[in-house]
Amino acid sequence: MTGDSKNLSVDRFERPAESGALTSYQSPVTSQRNPCWTIDLGLIGYAEAYALQKRVVAARKANAIDDVLLFCENPHVITQGRNGKREHLLASERVLQQKSVEYFETSRGGDVTYHGPGQIVGYPLLNLAAIKRDVVWYVRMLEEVMIRATADFGLPSYRVPGKTGIWIELGPAEEKLGAIGVHISRWVTSHGFAYNVSTDLRYFDLIVPCGIAGRKATSLEKALGRAVSLSEARLRIEHHFGEVFGLQLVSASPADLLQKLDAFEQTQAEQALLAVPAATGLEAGSQKCLSQRSAG
């Protein structure tokens, strides 16, 4: 990225050949931790969550709100990134309807993926200009958050060169535990990551996950062979997110966020109304000047 005005959707990046913890991509070194609100939206429809993201991004670009990390769980939905291929959606529209699975095309990077109950979806809405202006570093950091959270459960996970996300060994081939697809505009991030905890993995059969043929998705429960609560996994992800990005996490409610957004949008609306008479006055003055010249 060479300019703040650019919009980027991130799909895949070549990563270091070694697996495990980061080496060349390190957390920011700072004595001051900027605040970041963490908010659990619970079960929420994809369209509603996406609309909320856009409101937060607008406020963050205006510096009207701190960084925000949204957590949520979606009803069954398949999303396709800007670089995705429709043929990676294997199910027909009729099958999707029968299974009550929604489908959306999105502005994020990446290909086709599935979100549903039992999966933690995280939307970091951050101003990277205040953290580190490096898109590849940001994606690597999201992977690191999930790798560390997975390690808390005694389970090693790692990166695979050329395939964004985190993977674990189950049987003869690696299986994908966490996926990433982000969008960045004027260094403000949106979309994010999906981490499978107790996800019904059969729904991934409806797609070619992330456009990678021959690779399966897995879940924390499948890998561990025991039940894991979403709240337990979310708290671990939240902790490592603050640690990795050097942010001071502040727990807030959806109501707190909506109040902040409503105030910002009200101010924006009032400023827009004030600008109308001023613009009208300038236009009237220009018209009067032109009339006088014509008369002369």
Side-chain angles (χ1 to χ4, degrees), residues 8-13 15 41 43-50 53 70-93 95-96 99-124 138-139 142-143 145-147 149-150 157 159-160 162-168 170 173-184 189-223 230 233-234 237:
L8 288 185
S9 290
V10 180
D11 183 6
R12 298 178 185 173
F13 297 93
R15 55 184 39 73
L41 301 175
L43 184 65
I44 183 174
Y46 182 83
E48 185 179 355
Y50 184 38
Q53 276 192 82
L70 297 176
F71 286 109
C72 70
E73 186 182 8
N74 295 138
H76 302 297
V77 62
I78 290 171
T79 66
Q80 178 178 312
R82 289 173 63 180
N83 302 322
K85 297 180 180 179
R86 187 61 184 258
E87 57 263 33
H88 291 157
L89 174 62
L90 304 179
S92 65
E93 185 176 344
V95 170
L96 294 181
K99 294 182 174 294
S100 299
V101 178
E102 292 187 293
Y103 172 82
F104 290 95
E105 295 181 355
T106 76
S107 62
R108 65 165 173 79
D111 207 290
V112 175
T113 196
Y114 161 79
H115 300 306
Q119 182 189 73
I120 295 174
V121 176
Y123 295 131
Y138 173 62
V139 175
L142 292 180
E143 289 172 337
V145 169
M146 292 190 286
I147 286 173
T150 305
S157 59
R159 302 171 181 81
V160 173
K163 297 180 176 67
T164 296
I166 70 164
W167 304 74
I168 59 176
L170 286 178
E174 67 264 3
E175 296 187 358
K176 195 167 191 176
L177 180 62
I180 295 172
V182 304
H183 181 76
I184 298 174
T189 67
S190 58
H191 296 284
F193 59 88
Y195 186 76
N196 298 323
V197 179
S198 55
T199 319
D200 186 342
L201 300 174
R202 291 174 297 180
Y203 282 88
F204 284 98
D205 293 337
L206 301 175
I207 61 174
V208 178
C210 301
I212 305 173
R215 290 292 184 272
K216 293 184 177 181
T218 191
S219 69
L220 200 57
E221 285 196 346
K222 177 183 176 183
L230 281 181
R234 181 180 64 79
I237 288 176

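Just so you know, these numbers come straight off a predicted model, no measurement behind them.
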Q: Does some side-chain heavy atom of I78 sit less than 4.5 Å from a side-chain heavy atom of Y203?
A: no
Q: Could you pull out all residues at least two apart from S219 that satisfy side-chain contact (heavy atoms from CB on, under 4.5 Å)?
A: N196, L201, E221, K222
Q: How close do A217 and E175 get, counting heavy atoms only, and between which atoms?
A: O-OE1, 3.9 Å
Q: Evaluate the side-chain proximity of T79 to V112: yes if any heavy-atom separation is below 4.5 Å, no if none is.
A: no
Q: Holding to side-chain contact (heavy atoms from CB on, under 4.5 Å), I want the full list of residues that pass it with E48, two or more places apart in sequence or in another chain.
A: I44
Q: Below 4.5 Å, heavy atoms only, C-beta onward: do I168 and L170 meet side chain to side chain?
A: yes
Q: For residues T150 and S157, report the shortest heavy-atom separation together with the two atoms involved.
A: CB-OG, 3.7 Å
Q: Determine the sole option in L230, I166, V121, I180 for which the side chain to side chain contact (heavy atoms under 4.5 Å, CB included) test with Y195 is passed.
A: I166
Q: State, with a plain yes or no, whether a side-chain heavy atom of V95 is found less than 4.5 Å away from one of V101.
A: no
Q: Could you measure the distance from the CG atom of L220 to the CD atom of Q119? Nearest 0.5 Å is fine.
A: 12.5 Å
Q: Just say parallel, tilted or perpendicular for the rings of Y114 and H76, cut-offs at 30° and 60°.
A: parallel
Q: Taking all non-hydrogen atoms of both residues into account, name the closest pair between I237 and A149 and its distance.
A: CG1-CB, 3.7 Å
Q: For side-chain contact (heavy atoms from CB on, under 4.5 Å), just list the numbers for H115 and T113, CA-CA rounded to whole Å, side-chain angles, deciding distance to a tenth of an Å, and then say yes or no.
A: CA-CA 7 Å; H115 300 306; T113 196; 3.8 Å; yes
Q: Applying ring-ring contact (aromatic ring centres under 6.0 Å, His included), can you list everything that pairs with Y50, at least two apart in sequence or on another chain?
A: H191
Q: Has T189 got a side-chain atom pairing as donor or acceptor with P124's backbone, closer than 3.5 angstrom?
A: yes
Q: Just wondering, do P75 and E102 contact through their side chains at under 4.5 Å, heavy atoms?
A: no
Q: A side-chain contact here means heavy atoms from C-beta on lying under 4.5 Å apart; do F71 and L41 qualify?
A: no
Q: May I ask you to say whether R159 pairs ionically with E143, meaning some side-chain N is under 4.0 Å from a carboxylate O?
A: yes
Q: How many angstroms lie between CZ in R202 and NZ in K99, if you round to the nearest 0.5 Å?
A: 7.5 Å
Q: Tell me the closest heavy-atom pair linking K176 and W167, and the distance in Å.
A: N-CE3, 3.5 Å
Q: Write down the atom of Y123, the atom of G192, and the distance for their closest heavy-atom approach.
A: CD2-N, 4.1 Å
Q: Run the side-chain contact (heavy atoms from CB on, under 4.5 Å) check on Y103 and Q80 step by step: do they pass?
A: CA-CA 8 Å; Y103 172 82; Q80 178 178 312; 2.7 Å; yes
Q: Return the minimal non-hydrogen interatomic distance between A91 and L96, and the atom names on each side.
A: CB-CD2, 3.9 Å
